[in-house]
Amino acid sequence: MNPFLIYLVVSIAASVVWTFFAMRANRRHRQSLGLAGACAATLVLAAFWQAEAIPWLWTFLQGVLLIWLTALVVLVMAASATWSEKQPLRLLLVSCAVSCIVVNVVAGLHFLWIATVSSGGV
C-alpha cells in the first residue's frame with residue numbers, strides 16, 4: 001500500500017471538515033485562502049499517491065513542490081488569521097487547519113526520506 005494514500009485520506013477529511021465548519025461559522029468575511037491551500041495540498045498528495053499513473057509529474061517536480069510549499073504557507077497564514085479572530089467555532093477551524101498542516105509536513109518529511117534513502121530515488 002502506498003503510504004501517501006493515508007496522508008491523502010487524512011488531508012481530504014480535514015479539508016472537508018474545515019469547509020463544513022467554515023460554512024457553519026457564518027463569518028461575514030469568509031476567507032477561502034486557507035481552504036484553497038488545503039485543497040491544493042490535498043491535490044499534491046493525490047498526485048504523489050498516483051505518481052505511477054502520472055509519469056509526466058516528475059518532469060514538473062520543482063513546480064509541484066513549490067505549489068505544495070506555497071499551500072503550506074497559506075495554511076499557516078489561515079490558521080494564524082483564524083486564531084486571532086473572535087468568531088464562533090474558532091477552535092474547530094484552527095484544529096482543522098493544524099491537522100492539515102501536520103499531515104502535509106509529515107508527508108513532506110516522508111517524501112524527503114524516500115528521496116534520500118531509496119535506491120531509485122523518488
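Note that the numbering runs from 1 along the sequence shown for the chain. Note: hydrogens, waters and symmetry copies are ignored here, and every other heavy atom, side chains too, is used.
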Visitor: Quick one: OG on Ser11 to CG on Leu75, what's the gap to the nearest 0.5 Å?
Guide: 8.0 Å

Visitor: How long is the gap from CG on Asn104 to NE2 on His110, to the nearest 0.5 Å?
Guide: 14.0 Å

Visitor: When clusters are formed by joining ILVMFWY residues with side-chain heavy atoms under 4.5 Å apart, either directly or through shared neighbours, do Leu112 and Leu66 land in the same one?
Guide: no

Visitor: How close do Cys96 and Trp18 get, counting heavy atoms only, and between which atoms?
Guide: CB-CB, 3.6 Å

Visitor: Run the side-chain contact (heavy atoms from CB on, under 4.5 Å) check on Ser15 and Leu35 step by step: do they pass?
Guide: CA-CA 7 Å; Ser15 297; Leu35 295 175; over 6 Å; no

Visitor: Under a single-linkage definition using a 4.5 Å side-chain heavy-atom cutoff for Ile, Leu, Val, Met, Phe, Trp and Tyr, are Val106 and Leu43 assigned to the same hydrophobic cluster?
Guide: no

Visitor: Please report the interatomic distance CE(Met77) to CG(Leu72), rounded to the nearest 0.5 Å.
Guide: 12.5 Å

Visitor: Grab the two heavy atoms, one from Leu45 and one from Phe4, that are nearest each other, plus how far apart they are.
Guide: CD2-CD2, 4.2 Å

Visitor: Taking Thr82 for its side chain and Ala79 for its backbone only, find out whether a donor-acceptor pair lies under 3.5 Å.
Guide: no

Visitor: Shortest non-hydrogen contact from Phe60 to Trp56?
Guide: CD1-O, 3.4 Å

Visitor: Describe, in one word, how the ring planes of Phe111 and Phe48 are oriented to each other, choosing from parallel (under 30°), tilted (30 to 60°) and perpendicular (over 60°).
Guide: parallel

Visitor: Could you give me the CA-CA distance, side-chain angles and deciding distance for Leu65 and Leu69, then say whether side-chain contact (heavy atoms from CB on, under 4.5 Å) is met?
Guide: CA-CA 6 Å; Leu65 292 177; Leu69 193 62; over 6 Å; no

Visitor: Please report the closest heavy-atom contact between Tyr7 and Ala107, naming both atoms and the distance.
Guide: CD1-CB, 3.5 Å

Visitor: In this structure, would Ile6 and Trp113 fall into the same cluster of hydrophobic residues linked by side-chain contacts under 4.5 Å?
Guide: no

Visitor: For residues Trp83 and Leu93, determine if any side-chain heavy atom of one lies less than 4.5 Å from a side-chain heavy atom of the other.
Guide: no

